[in-house]
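Let me begin by presenting the structure, written as structure tokens, before commenting on it.
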Protein chains: 2
Amino acid sequence: MYCGTKMDEALMNRGDRPKVAESGKATPQEFPDCPSPLARVGRRASALHDHLASVILRGDLAAGNPLPSERELMRQFGVSRSVVRETIIALANQGLLKTRSGYRPVVSRPDYDSVLGSMDQLMAHLITQEEGVKNLFDSRIFFEAALARWAALNARKEHIQDLEQKLLRNRKSIGVRTAFEATDIAFHDVLYAIPHNPLYPAIHRAYVEWLRKPWSCIESTEEIDFMMYGGHEAISKAIIARDPDLAEEALRRHLNTAWEFVRSNFDFRTGNTRNKSL
Amino acid sequence: MYCGTKMDEALMNRGDRPKVAESGKATPQEFPDCPSPLARVGRRASALHDHLASVILRGDLAAGNPLPSERELMRQFGVSRSVVRETIIALANQGLLKTRSGYRPVVSRPDYDSVLGSMDQLMAHLITQEEGVKNLFDSRIFFEAALARWAALNARKEHIQDLEQKLLRNRKSIGVRTAFEATDIAFHDVLYAIPHNPLYPAIHRAYVEWLRKPWSCIESTEEIDFMMYGGHEAISKAIIARDPDLAEEALRRHLNTAWEFVRSNFDFRTGNTRNKSL
DNA sequence: ACATTATTTTGGTAGGACCACATATCACCC
DNA sequence: GGGTGATATGTGGTCCTACCAAAATAATGT
């Protein structure tokens, strides 16, 4: 039993309102706007959360900057550490903050990537069944087919050049697993980039992330790589030929082939590659 | 200063391990599997979170059922209430739990909707700029155009019937704002339903949710409703005629018209309808 | 049987004390 | 001086106790 005199924190008086700047310590870093009585309705944590979220999202707190420490925040907003803590956790879960033990939380303004990234965990579980992976993969085929069609109709010459460059690199990396995977992704990424909508590349990255495990069960022999490359080449040619139907069909064929590999080699229960020869 | 003898909670002894069933109180509801020493690595909250998440996602805790109380959980897992609390907050933010003050948290297994729903808050802020709304709207047009094309090529007769039914209802509700909006959504929903991928309807609901405010700035006079209905009719006809190009074009025209309304009437700063006649 | 009032339960919050770890500071030795 | 190790301080993570308001439940009076 302590009841000792040592006090760790929470030294500010609460009787009425948190007095501002009561000690001579001189608040190290003041906060953008808010002396902020912090609306008294509902959960305090929610109020603080909304406030900080809007501060971050409005850009008042630039990404990369650290947040004040938890102790500092409780002083500035006149709430307990529990509330500050809840808030930070929630913000971190949303991708607005990155927390490392021992460091102050770091602001990270969310872009489309982190928005999609917030679905990672849930998506990971939704694809523990074949149904889930299939739905996801299907949606990718669907979306990318539309992209191929769009590319065939709207690609500019710089896109075409990009496409050819990525195709070449892909060819050169046949047989080298990691390199081939990377150039494969880079090739597909061109399709997502052509419409100039920043959402699409983010969607691509999300697909790659979510389908990483199923995808990685596709073996990487020289033959298979070559076949995959062939698919890319066909897509590329159709796009260059400005033939949307052909482009879509080539892409569907390509990804359907990939799906067949996944379906036969991927163990949907364990999430690993099935050792079918065993 | 208290140091009193009253004890609220945390009555179990910690010296070593939490003794199981130390009091005669008889744990009211046992937990699916885990006496669970709960891996000692990393953050305790993360461990608990992962554990509970997997329990829920595996379906061991059916949706709708309440979780044990926070006090109960700390007993069962031998952690402090702070940790339990953190965990619950995180799970709630992911949509795996629903919390109401005063009630026990309720399990809600996530489907595609709640996965997309977890992006709501962030998306709400990403579309506070015209850029964001435009990107989102564009992606919808893109996706839905592909759906229209798909529908023209693959719709079965029951889909066609559904389409006609929804179209009829839409026509009947011209002039009645709320009804027209509802039947409008219902019509578009048919397109998302045709490929039989459960992701798509969820995506549609997400679009509707995210674009609700911009969309609602489209006035609802009899004329405008009629024009919108005309778009639906054109799409429908093209699909029935099995003409993918026409279907895509009709849909693009329809949604682009809607976008023009949004662009001219929506105040991207405030997020409200702009009062242009003022 | 029903309305009304205690009692208990439950989430929400406050506040205090540690710990492990990271960093900053500074004396100390070569 | 330039390391270099010890020490002080800051920070997130955890535990604990306490209290409150609202909800649920039990007890009670009519």
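In what follows, chains carry the letters A, B, and so on, assigned in the order in which the sequence lines appear, proteins first and then strands, with residues in each chain numbered from 1. As a basis for the values below, the full set of heavy atoms in this structure was taken, side chains included, without hydrogen atoms, waters or symmetry mates.
Look at CZ on B:Arg71: it is 14 Å from P on D:dC20, rounded to the nearest Å. Computed from coordinates, the A:Glu86 CD to D:dT14 C1' distance equals 15 Å when rounded to whole Å. What separates CE of A:Met74 from P of C:dA17 is a distance of 12 Å, to the nearest Å. For the pair B:Leu91 CG and C:dG11 P, the computed distance is 14 Å after rounding to whole Å. For the pair A:Leu73 CG and D:dT11 P, the computed distance is 10 Å after rounding to whole Å. For the pair A:Arg75 CZ and D:dG10 P, the interatomic distance rounds to 10 Å; values are reported in whole Å. When rounded to the nearest whole Å, the span between CZ of A:Arg81 and C1' of C:dA14 equals 13 Å. Rounded to a whole Å, the CD1 atom of B:Ile88 is 15 Å from the C1' atom of C:dT13.
Among residues at least two apart or in separate chains, salt bridge (charged side-chain N to carboxylate O under 4.0 Å, His left out) pairs with a member in residues 86-95 of chain B are A:Arg85-B:Glu86, B:Arg43-B:Glu86. Residue pairs meeting the salt bridge (charged side-chain N to carboxylate O under 4.0 Å, His left out) criterion with at least one partner in residues 179-191 of chain A, sequence neighbours excluded, are A:Arg177-A:Glu181.
For D:dT11, the OP1/OP2 oxygens have a side-chain nitrogen or oxygen of A:Arg104 closer than 4.0 Å. Note on A:Ser80: a side-chain N or O is less than 4.0 Å away from OP1 or OP2 of C:dA14. Put simply, B:Arg44 has no side-chain N or O that comes within less than 4.0 Å of OP1 or OP2 on D:dG13. OP1 or OP2 of D:dT11 lies within a sub-4.0 Å distance of a side-chain N or O belonging to A:Ser69.
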Close N/O contacts between protein and nucleotides 24-26 of chain D (under 3.5 Å):
unit_1, atom_1, unit_2, atom_2, d
D:dA24, OP1, B:Tyr103, OH, 3.1

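You'll find a donor-acceptor pair under 3.5 Å spanning the side chain of A:Ser82 and the base of C:dA14, going by distance alone.
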Let me have the donor-acceptor pairs involving side chains of residues 90-103 of chain B, under 3.5 Å, with sequence neighbours excluded, atom names and distances please.
unit_1, atom_1, unit_2, atom_2, d
B:Asn93, ND2, B:Ile89, O, 3.4
B:Gln94, OE1, B:His49, NE2, 2.7
B:Gln94, NE2, A:Gln121, OE1, 2.9

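By the 4.0 Å N-to-carboxylate-O rule, A:Arg140 lies close enough to A:Glu144 to be salt-bridged with it.
Shown here are the ring-ring contact (aromatic ring centres under 6.0 Å, His included) partners of B:Tyr207, two or more places apart in sequence or in another chain: there are none. A search for ring-ring contact (aromatic ring centres under 6.0 Å, His included) contacts involving A:Phe187 returns A:His232, not counting sequence neighbours.
Applying ring-ring contact (aromatic ring centres under 6.0 Å, His included) to A:Tyr200 and the options A:Tyr112, A:Phe143, A:Tyr192 leaves one that passes, A:Phe143.
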